[in-house]
Amino acid sequence: MTNNVAERLLGYDDEVFGVEHYQSDVLPRWCSGCGDNAILTAIQRLCRDEKLLPEKTMFVSGIGCSSRLPHYMNAYGFHGIHGRSLPVAEGIKMARPDLNVFVTTGDGDCCSIGAGHWIHAIRYNIDMTVLMHDNGIYGLTKKQVSPTSPQGLKTNTTPRGSYLPPLNPLSTTLGVANVSFVAQAVDWIPETLYDIISAAFHHNGFSFVRILQRCPEFMPDMFDPWVQDPQQMLLLEHVNGLHLSPELGKVYTNQEAHDPADINRAREIASLTEIIPVGVLYRNEEIPRYDDIRRPRGVYTNEKIRAGIEEELDKYTI
Amino acid sequence: MLETAADSAEKKAPGKSAKPIVKLAEHIVEIVSDSGEGAQRCGQSFATIAARSGNGIWTVEIIPAEIQPPARSIEGTSGNRIRVSSNTVTNGGDEADLVIAFNEQVLLSRINANEIKPGCIILLEDKWATHPDANIAAVYTETRDRLLGDGYNILEIPMEVECLKHVPDAKRGKNMFVLGMLCSIYSLDLELGRQQVARIFAKKSDAIIKANQILLEAGHDWAAANLEIKYQIPAVKKSDPQIVVNGNTALSLGVLASGMQICAMYPITPATSASHYLSDVFNKVGGLVHQAEDEIAACAFAVGASYAGKCAVTITSGPGYSLKQEAIGLAVMGEIPMVVVNVQRGGPSTGQPTKVEQGDLLTACFGSHGDAPKVVMAAANIEDCFYSMITARQLAETFNMVVVVLTDANLATAQQPIPRPEFSEEWLAPPVDQSAVPKDAKPYDWDPKTGLAPRFVPGRPDGMHTLTGLAHDQNSKVIYDPEINEQAIEKRSLKLAALQKTLKPPPVFGGDQGDLLIIGWGSTKGAIEEAIERVRADGLKASSVHLQFLQPMASGLKEIMGRFDKVVIVENSWSDDLEHEIIDENNQRFSNLAWLIRGRYLVDADCWSEVKGRPSKPGAIERMIHDRLQ
Ligand SMILES: Cc1ncc(C[n+]2csc(CCOP(=O)(O)OP(=O)(O)O)c2C)c(N)n1
Ligand code: SF4
Ligand SMILES: [Mg+2]
């Protein structure tokens, strides 16, 4: 059994896997121009570059357009129920620390029906990479308002415009005790999308990436002002965060040297309204991980288990 | 001025021997107090001492619904009922024979609930008669006199006054004085009492143990010197080792021994105490209890852990069970083995958190939308609580199914001696399979006959696929094809039939044929079988069958029913009464199991059910059988 895995591990260094190796035989069914495609590509590149063993890599999702992503990966996938991807992923990681766990979720999946789990997942700080595809709308169910929809948005359930200002996923995450990694990416700058997902993957703990994702089907021009005018974007650059290539730096000149250790500035950046920040807002590798704290230590042989059970039975023996 | 226990024992020793000892086959004792005065601990200790002496025992907790109910209130009654016998006891029995009450209000609550035998002996704390609050004194005196008038044999006991001779505050410790009295009344070995006190306070200082032992001895000696009652319930010590546990502890011990290492839960009465105990000891077998943010998360967490190769258990009660439905459906669809325990309580909604009801059977069988076949089994006694965990894990992993185990508030807190389980390594789970998946194997390679398919746990090379809650084919690919969808539904359903083929017909208790057959499930078993024994002793031809598997049901029940003239299903879930003016055969609702039996076997099975929030009494079932056979 173990030999098998060891052999494969050894083999991997010699073989060169391309992105295709991580593509499943199911073709993505997202609408053309859907930002989910760019996210999928970035993840497949990451798997290739990190030489992740497909059998040791797990993609967990809930329900939504975005949650279809695991089907398109050549890896283990778990496409569960709406809003519950995080607790499922927690159970998986707790049972199997050897797996690389990724979660893909939508703004409805994460910030509405799964909001309770989201808050607690941040606090548990279990080692996993969470990609929240935020298109500001319910895609799969055909255009209903989401907690991140801009106020006034006309949708099928708010035909006269939505009533409330949106929830800010970055500020919310940064407000939870034990938060350890928060970043924001956009689907239309593939280079930074990749870099940010990579930084999230390498983070020791629960990494939360909000990805602004275009939904041409229901929100055709939602991000146009930002896509068309790079000045409306704020790129956070730092030795401990995002590194901008010279080419990109020339296009996105609106930059800030933001140290991801600075949570106060991270919160200010998170609450910017007109400008979209891109980069690592916060990172702290020192936050204790629930999976690490709770992991049973030591080897539990059958003898040890027997001894434990007998000891308990002794307590109740009359 | 402290009088030592030794002094008083010596002084009073002569009186003790003078009393005649009445031999009894069994007695039901209740100890009731305000919450926090320790009647529960006293009752449990008395039961343990009796069990250690070799008596059969069954205890029933009397639990107030609130943490801090008002003092001297009917709703605040807290305590324990202990049925002590020369033989094995399987239920809490009928009305109590002897009651010890710390005030007259808690006593009244038991009398009002018809739990006390008319005319029985009541040992009542007498300090209220002279209470500085004239109102309290008047209420006490009035109640006492009324009950005396009703024929109760009330003996007023200066419990507090006696305790104060030994300790500065009698609020804590009066229960140990009472325990001593009980040791004397039932001729139990005081040394066992001292040991029990040492066990209870094992984590406390020697001084505390000593002080409580002094109270124990004081109670013993006071009763010996001042009470005319002296009983003995002859006991036969069992040769094989026994453990005394309640159902929730037995359940936790079962989890420890089942090979499961992950329990995900959210606190809810009456399930919580199982998780408390498990939290304390699970690390001994490499396990962990995860208290999730809610029951949905707890169930999803268990689904995740089980999917990843470590079959997990999630333990809950009524409202929590409702919340888990969608995630249970996901496990059914994904064919993920998982154990779900529902310690049933009164419902619907918040219902009666601390009280027993068997109202969740149909939810367990048919809960979660769509066709969601899952195994449903029920524990009938304390021993079952232990072994059902081992069976459930094995079935879950053999059939890749959700196994729901139903217990209830009655079993959760009832204590009984059971043979000490002999642990077998076969109970443990095999290591997580990480072998490579054979080339071209499919993640849902359903066997056409049994519906079974091997499982591709993550980590297995070449087994990569995406499990989905959407309808899927053998490759776990989302499908929209009506034929494939129906085939997949058939396969998931077939697994229940495959399991059913392995089940043995349920044994019949009583005679193989006769006039009336009772069918029951869960915690009513002891009371039903005791009722059957009693009516058979009266010459009636009644028998009973108790179902461990509710879904699937073992074969053979139809033949058994065919050998009896009448079938009555007995359970603690609601059924309409045909006598009611607007109830008739077009709208009558049956109790849970009755629906199942009537539906499956097309028999005109009748039902007798109670939802009083307390275990059904053997006497009530006995009377019902007499009525039906008239
Ligand atoms: C319990 C439950 N409620 C509702 C739904 C219907 N539903 C499916 S996806 C979805 C919203 C998806 O929105 P989002 O999470 O933003 O994902 P997107 O499709 O936009 O990627 C809803 C309401 C469901 N599947 N389950
Ligand atoms: S509806 Fe929107 S989110 Fe869904 S696939 Fe189409 S473009 Fe993407
Ligand atoms: Mg969305």
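Naming: A, B, ... by sequence-line order, numbering from 1 per chain.
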*Among A:G114, A:A75, A:S24, A:P70, single out the residue with the greatest number of heavy-atom pairs under 4.5 Å to chain B.*
A:A75
_Is the shortest side-chain heavy-atom distance between B:D462 and A:E55 below 4.5 Å?_
no
*Where does A:P296 contact chain B at under 4.5 Å (heavy atoms): side chain, backbone, both or neither?*
side chain
*Top of B:V437, B:I296, B:T249 for chain A proximity - count of heavy-atom pairs under 4.5 angstrom*: B:I296
*Is there any residue in residues 280-288 of chain B with a non-hydrogen atom under 4.5 Å from a non-hydrogen atom of chain A, and which ones are they?*
B:V281, B:N283, B:K284, B:V285, B:G286, B:L288
*For A:R96 and B:G459, which heavy atoms make the closest approach, and how far apart are they?*
NH2-CA, 3.9 Å
*side-chain contact (heavy atoms from CB on, under 4.5 Å) against A:S66, all qualifying residues, sequence neighbours excluded*: A:D36, A:H133
*Contacting moiety of A:I81, where chain B heavy atoms sit under 4.5 Å*: both
_Positions in residues 118-128 of chain A that reach chain B, provided some heavy atom is under 4.5 Å away_ = A:H120, A:Y124
_Contact leader toward chain A among B:H465, B:K310, B:Q261, where contacts are heavy-atom pairs under 4.5 Å_ = B:H465
*Highest number of heavy-atom pairs under 4.5 Å with chain A: which of B:V303, B:V457, B:I262?*
B:V457
*Counting N and O atoms only, with roles assigned by atom type, does the side chain of A:R84 sit under 3.5 Å from a partner on the main chain of B:F301, one being a donor and the other an acceptor?*
no
*Could you have a look at B:E425, B:R52, B:R420, B:Q242 and say which one has the most heavy-atom pairs with chain A under 4.5 angstrom?*
B:R420
*asked:* Quick check on the structure: residues of residues 307-318 of chain A within a heavy-atom distance below 4.5 Å of chain B, by number.
replied: A:G308, A:I309, A:E310, A:E311, A:E312, A:L313, A:D314, A:K315, A:Y316, A:T317, A:I318
